[in-house]
Amino acid sequence: MNIEYSLIHKEKNTNARLGKLKTNYGTFDTPMFMPVGTKATVKSLTPEELYDAHSGIVLANTYHLWLRPGEDIIKKAGGLHQFMNYRGPILTDSGGFQVFSLAKNKEKDITEEGVHFKSHIDGKSLLLTPEKSIEIQNKLDSDIAMSFDECPPASASYDYLKNSIERTLRWAARGKKVHNNPHQALFGIIQGGAYEDLRKFSAIETVKMNFDGYSIGGVANDGESKDDMYKAIDYSTPYIPEDKVRYLMGVGEPIDIIEGVIRGVDIFDCVLPTRIARHGQAFTRCGKINFHNAKFKEDFTPLEDECDCYTCKNYTKSYIRHLITTDEMLGGRLLSIHNIRFLIKLTEELREAIKEDRILEYRENFLKNYKERHK
RNA sequence: GCGAUAUUGGUGAAGUGGUUAACACGCUGGUUUGUGGCACCAGUACGCAAGGGUUCGAUUCCCUUAUAUCGCC
């Protein structure tokens, strides 16, 4: 077995779904937020801290682990779970997203064969192909592998996207052909920007290949508007079979998670909670707050009264601000613990709301408190 | 007591007789959506020790005072 998705309940008023995903390394409920652990670690957190946050699954990255320490070393260690001592499900991203940002000349470097680029570590010229990405992921032995796709920028033209999704489909087929880890699931990725016909085409053709789950990609890129992101989801989900899990790649912000869930998404991942934490910011029910702000200097209350995370149960805003402004390691750690728990708790609440068919009401209440600029 | 040198923002400091006083740190905001890059962006001295003078114009030249450091009695 690799994975088993079961749909438990469909919300009455929206496309939101409650489900369960079973893997060899544990079962978790969906919708779920997946913390990002690019280099086989969710930056600064121990596995125990991830369990405490009720994290169902974490993401690691093929490109980074390929370069360092190398997939063979991880295989020797007994696979990614053993290597990083994480006893829960792990998904590996294909490396496509990273490699495209490193490819200097998009037209020349992105070929039918794969993507040519220079290592960010030593400048060595490298080629990542769909086959190579899958072979690496097979060795990493994650629970879920992702197809190697092209992740075009939001600004890409219709014609570019059309060619790109066709190539991504060919790449998906090539990857699937070499995938040979029976314990590992393989997901296909739907692209197509904010164009209805492209998303539909990409979704239908990807689903034809019969993957274990499906992702919506190419979203939340370089200044894409929220409306376009929501459209990309709306245009993709109708074509994904109900009994397959759906993963929206790279999202993110609390509001986008809620909107994604309403549109039928089951899994999200995002660097935001850990990245903004390292930059001194935290998610709260009232919106993002910045611990560099002087107003927290003498604020001896918890980050959030009602939050059940380690940070909120034990530390004051004044102390966290002190750690952040003095650049102490613990500051980023404490905020990462909170931010990850915040997003996972958000998905827990969304699951409750789905169960009771009141997800629209939940969104309304959430938005009432949450102050954030709408792009 | 005498002489020399210095005195620029919260800090370290650059600088010039003439439009907006460099840069860095700090500080104050902000950004961050499948994490190469704890990063990026913006703001932050109405004043150059104080008071006089020279000059069309002085932070920049001169004088006095204050303070500091170093010498000498």
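Convention: sequence-line order gives letters A, B, ...; per-chain numbering from 1.
- Taking atom P in both B:A50 and B:U11, one finds a spacing of 15 Å when rounded to whole Å.
- Residue pairs that meet the salt bridge (Lys or Arg N to Asp or Glu O under 4.0 Å) test with at least one member in residues 93-102 of chain A, sequence neighbours left out, do not exist here.
- Applying the ring-ring contact (aromatic ring centres under 6.0 Å, His included) rule to pairs touching residues 36-79 of chain A yields A:Y51-A:Y86, A:Y63-A:F117, A:Y63-A:H120, A:H64-A:H120, sequence neighbours excluded.
- The salt bridge (Lys or Arg N to Asp or Glu O under 4.0 Å) contacts involving residues 318-339 of chain A comprise A:E49-A:R333, where partners must be two or more places apart or lie in separate chains.
- Taking the P atom of each, B:A58 and B:G1 are spaced 35 Å apart, rounded to whole Å.
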Between the protein and nucleotides 38-41 of chain B, which nitrogen or oxygen pairs are less than 3.5 angstrom apart?
from, atom 1, to, atom 2, distance (Å)
B:A39, N7, A:H279, NE2, 3.3
B:A39, N6, A:H279, ND1, 3.4

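- Applying the salt bridge (Lys or Arg N to Asp or Glu O under 4.0 Å) test to pairs two or more places apart or on separate chains, those with a residue in residues 148-157 of chain A are A:E150-A:R167.
- Salt-bridge annotation for A:E196 and A:R199: absent, with no side-chain N of the basic residue lying under 4.0 Å from a carboxylate O of the acidic one.
- Screening residues 56-74 of chain A for salt bridge (Lys or Arg N to Asp or Glu O under 4.0 Å), with sequence neighbours left out, gives A:E71-A:K132, A:D72-A:K139.
- Ionic pairing of A:R17 and A:E242 is not present here: no N-O contact between side-chain nitrogen and carboxylate oxygen is shorter than 4.0 angstrom.
- Only the P atoms considered, B:G53 is 14 Å distant from B:U60, to the nearest whole Å.
- Comparing the C1' positions of B:U44 and B:U5 gives an interatomic distance of 33 Å, to the nearest angstrom.
- RNA chain B lies under 4.0 Å from at least one heavy atom of each of the following residues of residues 53-66 of chain A: A:L59, A:N61, A:H64.
- A salt bridge links A:E349 with A:R285; the closest basic N to acidic carboxylate O contact falls under 4.0 Å.
- A donor-acceptor contact shorter than 3.5 Å is absent between the side chain of A:R363 and the backbone of A:I258.
- Here the nucleotide nearest the side chain of A:R321, chosen from B:U28, B:U35, B:U33, is B:U28.
- Listed by residue number, there are no residues of residues 128-141 of chain A with a heavy-atom contact under 4.0 Å to RNA chain B.
- A gap of 15 Å separates the P atoms of B:C61 and B:U8, to the nearest Å.
- Nucleotides B:C46 and B:U59 have their C1' atoms positioned 13 Å apart, rounded to a whole Å.
- Comparing the P positions of B:C70 and B:G29 gives a spacing of 41 Å, expressed to the nearest Å.
- Between A:K75 and A:D141 no salt bridge is recorded (no basic side-chain N to carboxylate O distance below 4.0 Å).
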Query raised in the report: Where does RNA chain B pair, written as one dot-bracket string 5' to 3', with Watson-Crick or G-U pairs under 3.5 Å, ( ) inside the strand, [ ] for crossing pairs and | for another strand?
Result: ((((((((.[[[..)..(....]]]((((((.......))))))....[[[[[..)....]]]]]))))))).
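- For residues 195-219 of chain A, every residue pair satisfying the ring-ring contact (aromatic ring centres under 6.0 Å, His included) rule, not counting sequence neighbours, is listed here: A:Y158-A:Y195.
- Atom CG of A:L346 is separated from atom CD1 of A:I257 by 5.5 Å, given to the nearest 0.5 angstrom.
- Look at the P atom in both B:A49 and B:A13: the space between them is 15 Å, to the nearest Å.
- Partners of A:H116 by ring pair (Phe, Tyr, Trp, His ring centres under 6.0 Å), not counting sequence neighbours: none found.
- Under 4.0 angstrom from either OP1 or OP2 of B:U28 there lies no side-chain N or O belonging to A:N293.
- For the segment residues 187-200 of chain A, the set of residues with a heavy atom within less than 4.0 Å of an atom of RNA chain B comprises A:I189, A:Q191, in numerical order.
- Side chain A:K226 to base B:U33: a donor-acceptor pair is found below 3.5 Å.
- The side chain of A:V251 sits closest to B:U33 out of B:U33, B:G36, B:U35.
- Comparing B:U35, B:U28, B:G30 against the side chain of A:R275 picks out B:U35 as the nearest.
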